[in-house]
Amino acid sequence: MALRERLRTWKRIFCWLILLALGLLGLLQYGLPIVRHLEALIPMGVCPSARMVLLRDNFTGLLNPWYLEKYLARFLETAERHFMLGQRVVYYVFTERPAAVPRVALAPGRRLRVVRVARERRWQDVSMQRMHTLHEALGGQLGREAHFVLCMDVDQHFRGAFGPEVLAESVAQLHAWHYHWPRRLLPYERDARSAAALAPGDGDFYYHAAVFGGSVAALRALTAHCARGLQRDRERGLEARWHDESHLNKFFWLHKPAKVLSPEFCWSPEIGRRAEIRRPRLLWAPKEYSVLRD
C-alpha cells in the first residue's frame with residue numbers, strides 16, 4: 001500500500017513537471033521576454049574555443065568555393081525582387097571565380113560588378129580577409145560611386161522589402177540567435193590577448209557580420225579597425241572566437257552604430273517562430289557545411 005502511494009505521488013510530481021515545462025516553453029515562445037533568457041541555457045552547436053593558441057588549431061578543412069555560387073544566384077534573384085526597389089544599386093561580388101558568377105537579369109539603373117580576390121584555403125581565412133578586401137575596395141571605385149554601402153553574406157536570400165529605411169551613417173545588425181540573451185552570455189571574444197577582446201562587463205548587443213554597412217567614410221574606419229586587429233592577432237598566432245565578427249563587435253562597442261537593425265532584417269528560420277518577428281526580410285540559407293568544408 002505504501003509503495004502504491006509513493007508511486008502515485010511520483011506520478012503526480014512527474015505530471016506537474018511536464019505541465020511546468022510546457023508552460024515555460026509557451027512563455028518562452030510567446031510570452032514574457034525575461035523568460036526567453038532561458039534560451040541561453042540551450043546548447044547552440046559546436047563553437048570554436050575562445051583560446052586558440054595557434055592558427056592551425058582552428059583548421060577545419062578546405063573550402064569548396066564552387067558551392068557558394070549556388071547561394072549567389074538566389075541572393076541576387078531575390079534581391080531584384082526586394083532590395084532597394086526603385087533605387088540606384090550596384091552589386092559588388094567579391095570572388096575568386098569571376099567566370100562562375102551567375103547571370104541575373106537586373107532592373108534599369110542596377111548594375112553588377114565582379115571583383116577577383118585571392119583564393120583562401122580555409123573558410124576562416126575567407127571570413128577574416130574580407131575586412132582588408134572591403135577596405136581596399138572602399139578606397140577605389142566602390143568608394144567613388146557609392147553613397148552608402150551594405151555588406152552582406154551571400155548564403156541568405158531576401159524574403160521581404162529591404163529598403164532605404166535601413167540606411168544610416170553606420171548600420172549594425174542584431175544577431176538573430178543572440179538578441180534576447182543576457183549580456184554576460186553573449187559570445188564576445190574574452191581572451192585578453194586578442195585585439196577583439198572585450199573585458200568582463202563590456203558589450204551591449206551582439207552584432208551579426210552577415211549584414212553591416214554605412215557611409216563610405218564610416219565603413220573605411222570600421223574595416224581599417226578590423227583589418228588591423230585581425231593582422232595583429234595573426235602576428236601573435238591568435239584567432240578571435242568568431243573571427244571578423246568578433247572584431248566587428250569590438251568596433252561597435254567602441255563606436256556605437258547610428259542604426260541597429262531588428263533581427264527581422266536577417267533572420268534564421270531554424271530558430272522557429274517568435275512573436276516579435278513578424279516580417280522577416282532576409283533569411284539565412286541552410287548551412288551545408290558538410291559540402292562547403294571538406
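What you see is a predicted model; the values in this text were computed from it and never measured.
Note: Asp233 CG to His243 NE2 = 10.5 Å, rounded to the nearest 0.5 Å. Here the SG atom belonging to Cys226 is positioned 7.5 Å from the CG atom belonging to Asp244, to the nearest 0.5 angstrom. In this structure, CG in Leu186 is found 10.0 Å from CG in Leu198, a value given to the nearest 0.5 Å. One finds the CD atom of Gln173 at 13.0 Å from the SG atom of Cys151 (value rounded to the nearest 0.5 Å). Taking CG from Asn249 and CG from Asp202, the interatomic distance works out to 12.0 Å, rounded to the nearest 0.5 Å. We find the OH-OG distance between Tyr206 and Ser246 to be 5.0 Å, quoted to the nearest 0.5 Å.
For Tyr207 and Phe212, the distance between ring centers is not under 6.0 angstrom. Between Trp181 and His175, the ring centre distance reaches or exceeds 6.0 Å. Taking the six-membered ring for Trp and the full ring otherwise, Phe162 and His82 have centroids separated by 6.0 Å or more.
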Check your understanding: Which is it for Phe252 and Leu254 under the side-chain contact (heavy atoms from CB on, under 4.5 Å) test, yes or no, and what are the steps along the way?
Key -> CA-CA 5 Å; Phe252 280 136; Leu254 297 174; over 6 Å; no
Check your understanding: Could you walk me through whether Arg232 and Arg228 pass the side-chain contact (heavy atoms from CB on, under 4.5 Å) check?
Key -> CA-CA 6 Å; Arg232 195 184 92 175; Arg228 285 195 302 268; over 6 Å; no
Practice item. Would you sort out whether Val211 and Leu282 count as a side-chain contact (heavy atoms from CB on, under 4.5 Å), showing the intermediate values? Key: CA-CA 10 Å; Val211 177; Leu282 188 64; 3.8 Å; yes
Practice item. Check the pair Glu264, Arg159 against salt bridge (charged side-chain N to carboxylate O under 4.0 Å, His left out), reporting the backbone distance first and the verdict last. Key: CA-CA 10 Å; Glu264 286 185 327; Arg159 170 79 174 275; over 6 Å; no
Practice item. Start with the C-alpha gap between Val104 and Leu112, add the side-chain angles, then the distance that decides, and say whether side-chain contact (heavy atoms from CB on, under 4.5 Å) holds. Key: CA-CA 9 Å; Val104 176; Leu112 174 66; over 6 Å; no
Exercise for review: Take Arg110 and Glu80 through the salt bridge (charged side-chain N to carboxylate O under 4.0 Å, His left out) test and state the conclusion after the steps.
Suggested key: CA-CA 9 Å; Arg110 299 162 79 94; Glu80 280 299 286; 2.6 Å; yes
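Looking at Gln87 and Phe148, their side chains never come closer than 4.5 Å, going by heavy atoms from C-beta outward. Side-chain contact between Leu248 and His208: absent, with no pair of heavy atoms (C-beta onward) separated by less than 4.5 Å. Here the side chains of Leu283 and Phe158 are not in contact, with every heavy-atom distance at 4.5 Å or above.
Of the possible donor and acceptor atoms, one in the side chain of His135 sits under 3.5 Å from a partner among the backbone N and O of Arg220. Side-chain atoms of Glu165 come within 3.5 Å of backbone N or O of Gly163 as a donor-acceptor pair. Lys259 contributes no side-chain N or O that, together with a main-chain N or O of Glu169, makes up a donor-acceptor pair within less than 3.5 Å. Checked by atom type and distance alone, the side chain of Arg184 never pairs as donor or acceptor with a backbone atom of Gly201 at under 3.5 Å. At distances below 3.5 Å, at least one donor-acceptor pair connects side-chain atoms of Asp191 with backbone N or O atoms of Arg193.
Relative to the six-membered ring of Phe265, Arg281 meets both conditions, a distance below 6.0 Å and an angle of at most 45° to the axis.
The residues Glu145 and Arg111 are annotated as salt-bridged, a charged nitrogen and a carboxylate oxygen being separated by less than 4.0 angstrom. Residues Arg116 and Glu96 are not paired through a salt bridge, judged by the lack of any N-O separation under 4.0 Å between the basic side chain and the carboxylate. A salt bridge links Lys256 and Asp204; the closest N-O separation between the charged side-chain nitrogens and carboxylate oxygens is under 4.0 Å. Between Asp155 and Arg74 there is no salt bridge, since no side-chain nitrogen of the basic residue lies less than 4.0 Å from a carboxylate oxygen of the acidic one.
For the residue pair His157 / Thr78, no side-chain donor-acceptor distance below 3.5 Å is found, with atom types taken as modelled. Counting only N and O atoms by type, the side chains of Glu189 and Ser194 include no donor and acceptor under 3.5 Å apart.
Closest of all the heavy-atom pairs between Pro263 and Ile277 is CB-CD1, 4.1 Å. For the residue pair Tyr188 and Phe205, the shortest heavy atom distance occurs at OH-O, 2.6 Å.
If you chain together hydrophobic residues whose side chains sit under 4.5 Å apart, Leu85 and Val89 never meet in one group.
Atom CZ of Arg113 has more than 12 neighbouring heavy atoms from other residues, nucleotides or ligands inside a 6.0 Å radius. Within 6.0 Å of CZ on Phe251 lie more than 12 heavy atoms contributed by other residues, nucleotides or ligands.
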